[in-house]
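The basis for the numbers below is simple: all heavy atoms, side chains too, and nothing from hydrogens, waters or symmetry mates. To find a chain, count down the sequence lines: A is the first, B the second, and so on, and within it residues start at 1.
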Amino acid sequence: MKIFPSLLCLIIGATTTVSYAQKSESPLDSLKQQIQLLQQQVNDLKKGISASDMAKTAAAPSAPSAVDQKSVRDLEERIEELTEKVNSISGAQKQSKPNEFNPSIGLVGELVTSYRTQGKVETGSDRPGGIDINARSVELNVAASVDPFAKGYAVINASADPVTGEATMGIEEAALQTNSLPWNLELKAGRFFGEFGRLGYIHDHELPFVNRPLVLDEYIGGESRSDGFQINWLIPLPQYVSLSAGAGDGFGGDIPPSNPGDIRQFDELNYWGRLSTYFDLTPDWQAEMGVSGLYNPRTEDRGGVLVQPDGSTLTEKKRRLVGADFSLKWVPLRNNQFQSLTWGTEALYSDNVYRDSVSAGSIMGEDSVGAWGVYSYLTYKFSREWSAGFLYEWVQNNLNAHDQTAQYSPYITWALSHWNQLRLQYTHTESNHVLGLSNDDAVYMQWSWIIGSHSHGWQQR
Amino acid sequence: MKNAIRLLTTICLVVAALFGAALPVQAKVRVVTTLTDLADFTREVGKDLVDVRSLATGVEDTHGVPMKPSFVPVLNRADLVVLVGFDCEHAFLPALLEASKNPRIQVGHQGYVDCARNIVPVDVPKTTDHSGGDVHPYGNPHYMLDPVLAETAVKEICEALVAFDPKDRAVFERNRDTYLAELDTKIVAWREKMKPLKGLQFVSYHEHWPYFADRFGLRYVGTIELKPGIDPTPRHIEELISMMKADHVPLVVREPQFPEKVPRLIAEKAGAKLVTLPIMPGGVAQTDTYIEMMDYIVSTMVDAVGK
Ligand SMILES: [Zn+2]
């Protein structure tokens, strides 16, 4: 009677058969089956032992069979233990069953406390000067697979109204994104942040500094939000080259769509595209660059009549915007959790066409206003929790290129964890001679946090 | 005219590159692994029938491989992606898979090879929020440091290769068995070498070593990190030092991707030895394969505290 070797064979046999036969099952199911199989085989063996014991007792008592019985008992105990463990784990899994088809949900909170020396007339902000405590965003993120062919996601944001203090809810994004188109294509449809530049499609709380760069606010209109379609093509090359093109109703969170009232023509939609590529300079140094363009051929009724500070008026006829962006990163392979460096720069050129009229109403003409804007920032991460950086911005007004301003913002960020982050920023805004505005200094303290599910998105890399 | 010909040639070359890349002319199975141990196993099982590329080079944190866009074209063409699982690669793999636009290797598809499928994890958190830290939500993912569990990964890889390329089943299975036999021999030797260390207490920077400790009969008594992925508070360091002093813990393990300063300070204050141990092949010099890495770990530990 060699029970031990045979048991060993059984265990090995059971393990291999189960793990090889049931590929699609969860490890728990296969474990359960293994245990059941073992239990059955131990039972069979026991029967064998008792039968042989009886035969032996009739002749003479034998020591080995006692050992065998003990081993079988030990094994049975271990099987029982295992069964308990497995049942407790699978029990815990069952408890979550009613929620099984809920999407993953994450909530972001953000509080921006600031002190600005100038009032909102001078700063052009919708927030007051002096002390301001702003629950800038409470953002709900939900995402799940729609079916085998697409995933769906939504970002719903509530932010406090600067006048009433009431939080109003808005849909920042709600879109479908395919995952099974052929030829390396991906289609996005719905409301989403279209691909233009580098930080235009990043949500406020994920920016490397407190505020969205001036040039993006001014030329794009905040986030690059659009209701539309966007197709992305990963060009099949050994080199990473990504091409996106989209069409949508509007483009920019603060810029309304063209011609909301009457019959809208195709040339009243916004069309945009972006081409980007990437190079590994060394294992630790990364370079990424892209060019983007946005065109809205006819914007006639969009913004209405824009009254200029000097009393003249402008009506936007065409919206034209191009941009180039570049980022250089040092991400040491070994200790990138503790040290890294990012230098990001983006330059935009706005070339909108306006119909202008002098306040007297006598002269009418069409003019394009070429205006430049740029921002450049450098962030150095010097420990797992701390990073610091500097942001430089310069932008010309895209209605009047002589009206220009610059900002300088050092910032320091303390990330206690991935989901809890404090940032202190000082921003100096240069006086604007054209508009007669004086210098503005501001200190910001931003606290943002996440609960629930979070993902490390491709665009936040 | 010359220029026109040159231009035409260039265009032809570009077009050829574009379409050539899309044509399935390869004979080898293209495998991308997240970490270097998995790449080593895949090479052992697949030999010259596979073309293996690991995203990590070996020196990275297993949870923090930089998400480089240059990985995207590689993943785009991959037949299989082999991963550790238990969300070990949470910070980089899901986004890379989405960007890869390769339906074959997405979660749930045949090309998505999760080596943790048949592993029962330890230290599964009692709660499902982030009070326990970030990086181990489904239990500890560092089972590869137990060579017996690593064998499970070898089997998973073989199974995935066979499923993808059934005609070479015999070759894959023979290679697997050869490698597993080699590992078995090594496991016996490692256990023998580690025998004098039975019951040895140690701490480490990140919670990498519970499976390793179980296998070799060591007592893993704490981590320098407060929680997986969360740096220690001064109070946590104080408590760790006093615990180590009270219990005479003789060894601090530092994984090479963590700064040496804090582990050194703790080792000095607690009167313990400090060793630097890799967590995947390539983590330190002369550990290019899994077996070399385990050899290194075992002999470094034995040299540090063994009699
Ligand atoms: Zn870990």
Side-chain angles (χ1 to χ4, degrees), chain A residues 16 19-20 23 26-28 30-31 85-86 89 92 96 148 151 177 179-181 183-186 232-242 276-280 283 286 288 329 331 333-338 340 383-385 416-419 450-452 454-461, chain B residues 14 17-22 56-61 63-74 76-77 90-96 98-103 106-108 116-121 124 128-130 133-135 152 155-156 159 163 227 229-231 256-259 283:
Chain A
T16 36
S19 67
Y20 279 75
K23 196 181 159 71
S26 78
L28 269 179
S30 78
L31 261 179
K85 265 191 200 167
V86 169
I89 297 173
S96 67
K151 79 164 198 180
Q177 183 181 319
N179 58 22
S180 52
L181 287 186
W183 308 305
N184 290 347
L185 293 171
E186 176 190 283
N232 175 268
W233 184 34
L234 174 70
I235 301 180
L237 289 171
Q239 166 82 9
Y240 174 80
V241 186
S242 170
S276 64
T277 189
Y278 165 89
F279 298 91
D280 280 318
Q286 316 179 355
E288 202 168 349
K329 285 188 205 169
V331 186
L333 292 181
R334 192 184 283 281
N335 60 340
N336 62 73
Q337 313 272 321
F338 294 84
S340 66
S383 82
R384 198 184 231 178
E385 295 174 0
L416 283 92
S417 69
H418 292 315
W419 328 278
I450 306 176
I451 54 173
H454 76 292
S455 60
H456 297 254
W458 178 241
Q459 291 171 337
Q460 283 95 53
R461 70 187 176 280
Chain B
V14 169
L18 283 175
F19 289 91
T57 65
V59 300
E60 297 88 343
D61 186 341
H63 304 300
V65 178
M67 209 191 297
K68 293 182 179 179
S70 51
F71 294 157
V72 171
V74 177
N76 178 254
R77 288 190 298 273
H90 160 79
F92 58 97
L93 191 63
L96 279 169
E98 191 177 314
S100 79
K101 303 208 171 50
N102 179 349
Q106 303 298 323
V107 185
R117 198 167 52 94
N118 281 311
I119 306 258
V120 179
V124 180
T128 47
D129 61 13
H130 286 137
D134 178 29
V135 288
T152 313
K155 290 173 194 159
E156 293 289 350
E159 205 178 302
K227 300 275 179 192
I230 311 267
D231 255 2
Q257 70 274 19
F258 296 108

Inset, instruction - Say whether Glu98(B) and Gln177(A), considering side chains only, have a donor N or O and an acceptor N or O under 3.5 Å apart. - result: yes
Inset, instruction - Could you check which of Ala56(B), Ala99(B), Pro103(B) has the highest count of heavy-atom pairs closer than 4.5 Å to chain A? - result: Ala99(B)
Inset, instruction - With rounding to the nearest 0.5 Å, note down the distance linking CD1 in Ile230(B) to CZ in Arg384(A). - result: 8.0 Å
Legend entry - Side chain, backbone, both or neither of Asn336(A) within contact of chain B (heavy atoms, under 4.5 Å): side chain
Legend entry - Largest heavy-atom contact set with chain B, pairs under 4.5 Å, which of Thr277(A), Leu181(A), Asn232(A), Val241(A): Asn232(A)
Legend entry - Contact leader toward chain A among Gln106(B), Gln257(B), Lys68(B), where contacts are heavy-atom pairs under 4.5 Å: Lys68(B)
Inset, instruction - Could you tell me which portion of Ser100(B) (side chain, backbone, both or neither) has an atom closer than 4.5 angstrom to a non-hydrogen atom of chain A? - result: backbone
Legend entry - chain A contact via Thr57(B) - which portion, at a heavy-atom distance below 4.5 Å: side chain
Inset, instruction - List the steps, then state whether side-chain contact (heavy atoms from CB on, under 4.5 Å) holds for Gln239(A) with Phe279(A). - result: CA-CA 8 Å; Gln239(A) 166 82 9; Phe279(A) 298 91; 3.2 Å; yes
Inset, instruction - May I ask you to name which of Gly108(B), Gly58(B), Pro94(B), Pro259(B) has the most heavy-atom pairs under 4.5 Å with chain A? - result: Pro259(B)
Inset, instruction - Measure Asp280(A) against the heavy atoms of chain B and call it side chain, backbone, both or neither at under 4.5 Å. - result: side chain
Inset, instruction - For residues Arg334(A) and Pro256(B), determine if any side-chain heavy atom of one lies less than 4.5 Å from a side-chain heavy atom of the other. - result: yes
Legend entry - Separation between CD of Glu60(B) and CZ of Phe92(B), rounded to the nearest 0.5 Å: 8.5 Å
Legend entry - Atom group of Lys151(A) that falls short of 4.5 Å from chain B, counting heavy atoms: side chain
Inset, instruction - Answer with side chain, backbone, both or neither: which region of Tyr278(A) has an atom nearer than 4.5 Å to a non-hydrogen atom of chain B? - result: side chain
Inset, instruction - Please tell me if the side chains of His418(A) and Ile450(A) come closer than 4.5 Å, counting only heavy atoms from C-beta onward. - result: no
Inset, instruction - Measure distances from Asp231(B) to the heavy atoms of chain A and classify the residue's part below 4.5 Å as side chain, backbone, both or neither. - result: both
Legend entry - Atom group of Pro69(B) that falls short of 4.5 Å from chain A, counting heavy atoms: both
Inset, instruction - Hey, could you give me the CG/OG distance between Asn102(B) and Ser180(A), rounded to the nearest 0.5 Å? - result: 12.0 Å
Legend entry - Heavy-atom contact with chain B under 4.5 Å, split by part of Glu186(A): both
Legend entry - Top of Gly283(B), Ala91(B), Pro66(B) for chain A proximity - count of heavy-atom pairs under 4.5 angstrom: Ala91(B)
Legend entry - Student check: side-chain heavy atoms of Asn184(A) and Ile235(A) closer than 4.5 Å: no
